[in-house]
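These notes are about the structure you will find just below.
Residue numbers begin at 1 in each chain, while the letters A, B, ... track the order of the sequences.
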There are 2 protein chains.
Amino acid sequence: MNHLPPTRRGEARERLLELAEEAVLAKGFAATSIDELVAAAGITKSGFFYHFRDKNTLAKAMLLRYLERDKALLDDLFSRADELNEDPLHGFLVGLKMFAELLADLPDNYPGCLAASFCYQDQLFDAEIRALNAEGMLDWRRRFRSRFEAIATRYPPWEPVDLDALADMATALVEGGLILGRALNDSRILPGQVLLYRDFVRLLFQTV
Amino acid sequence: MNHLPPTRRGEARERLLELAEEAVLAKGFAATSIDELVAAAGITKSGFFYHFRDKNTLAKAMLLRYLERDKALLDDLFSRADELNEDPLHGFLVGLKMFAELLADLPDNYPGCLAASFCYQDQLFDAEIRALNAEGMLDWRRRFRSRFEAIATRYPPWEPVDLDALADMATALVEGGLILGRALNDSRILPGQVLLYRDFVRLLFQTV
DNA sequence: GCCGTACTGTACCGCAAGTATAGTTAATTC
DNA sequence: GAATTAACTATACTTGCGGTACAGTACGGC
């Protein structure tokens, strides 16, 4: 009794990951059942265990996919901003503006960060997944920090500032803005926080 | 076969709430089992259902307890800061400094925000709990906003700023700082972000 | 025509959430 | 000092999920 597959073969794994991400951001990892995922993906439980050894393997694949997508999206955005402007400060400010616009134009299904979700459920996962998550955050710190180093040599800040903390502030504001946006059901909060961060960077480094 | 209660009667409910908060911040709500809580609290499953009609009722009690504690803690801190200083800007800056010091002195068991945790699992809860969570966030916005209104009348900001967004920024940075601190296992991140926020507020409103 | 990929089908185990209901103990109230 | 009430215990059950095991099958590429 084998019916025709609803879509071409081999894409069930990707469908599972997409469905899992949505469900985990809405309910958390433990509350997301394998049965629910396979039903929505149109496959059977055996199909799930063909692609993923267990639920932990699914979690790792979800996180890797999320981190890669995120990195690609923002790399693309900031490299486009750099092309528009040679000055490191103005290029970064343009990038932040573009980022805020991108966030403001997101569809209304409430966005969330899988890394944040995992971090509030980290005892469910093994050390490898926690390390991947930490590495993702450190990656953002390094990327932003190297920009600030270039900016600070040309525009000395008004007052001494910890460039690591300033880089972390971007990540923190995005994570916090997502939480506020979800809790208050207001999609304007996240882009607003990014623009405030932009104001802070401008104030810190701007020449008088 | 009724043994002596390990502690005096009536405090099992409080023990359950404390244990539940710790477990939920580490594993999420769905992964926190009733059996595990009652075993740690030294009571039976029936005892749990005497205090809470079901798991959702536990969630509501946890959130109410968390929001009340948080509010009391910060109200106390900022009112002490106000007593030390009549000027609204300087009083607020002192309060932020004290807040950062309080966060830096927290014991090393990693802190988290129950509201943030709930917000990434909100489909597990009913509308009442989601509304409580949103109201908690709005409350912080109103509290900080009224301070900024007082500050802005005496110290006009360098550039026009959305006071709601500036108030939300405090909440966002705390939530984001908690996430970064947990993910990177670094307790210095959160107080550092609070001090950066303080720098931003000072830069925005300071007279030249 | 064969092999590997991507599955299906069936059957099962153990654990946890949650329900139901009757019974017990200790302090409080009258 | 008897009755009441708060704060539980004890036992038994249903449902659903994670995970295991394993045999079978449809299809595309070589």
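In this view, D70(A) satisfies the side chain to side chain donor-acceptor pair (under 3.5 Å) rule with no residue, not counting sequence neighbours. Under the salt bridge (charged side-chain N to carboxylate O under 4.0 Å, His left out) criterion, D76(B) pairs with R80(B), not counting sequence neighbours. Legend: residues meeting side chain to side chain donor-acceptor pair (under 3.5 Å) with K60(B), ordered by chain and number and at least two apart, are E128(B). Partners of L195(B) by side-chain contact (heavy atoms from CB on, under 4.5 Å), not counting sequence neighbours, listed by chain and number: K97(B), A100(B), R198(B).
DNA chain D is contacted by both K45(A) and F48(B); F48(B) maps to the nucleotide lying nearer its 5′ end (nearest heavy atom per residue).
The list of salt bridge (charged side-chain N to carboxylate O under 4.0 Å, His left out) pairs with a residue in residues 22-31 of chain B, not counting sequence neighbours, reads K27(B)-E36(B).
Sorted by residue number, the members of residues 29-37 of chain A with any non-hydrogen atom under 4.0 Å from DNA chain D read T32(A), S33(A), I34(A), D35(A).
Taking the six-membered ring wherever Trp is involved, the centroid distance between the rings of Y197(B) and F200(A) does not fall below 6.0 Å. Between Y120(A) and Y120(B), the distance from one ring center to the other does not fall under 6.0 angstrom.
Between the side chain of T44(B) and the base of dA10(D), no donor-acceptor pair under 3.5 Å is found. Residue side chain K55(A) does not reach the base of dG19(D) through any donor-acceptor N/O pair under 3.5 Å, judged by distance alone.
At whole-Å resolution of the value, CG in L58(A) and P in dC17(D) are 16 Å apart. Put simply, CZ on F49(B) is 17 Å from P on dA10(D), counting in whole angstrom units. What separates CZ of R53(B) from C1' of dA17(C) is a distance of 15 Å, to the nearest Å. dT25(C) atom C1' lies 15 Å from atom CD1 of I43(B), rounded to whole Å. We find that CG of N56(A) is positioned 14 Å from P of dG18(D), with the value rounded to whole Å.
Distances shown here put every side-chain N or O of H51(A) at or beyond 4.0 Å from the OP1 or OP2 atom of dA6(C).
With distances taken from any side-chain atom of Y50(A) to the nucleotides dT19(C), dC7(C), dT9(D), the minimum falls on dC7(C). In this structure, the nucleotide among dT20(D), dG18(C), dA21(D) sitting nearest to the side chain of S46(A) is dA21(D).
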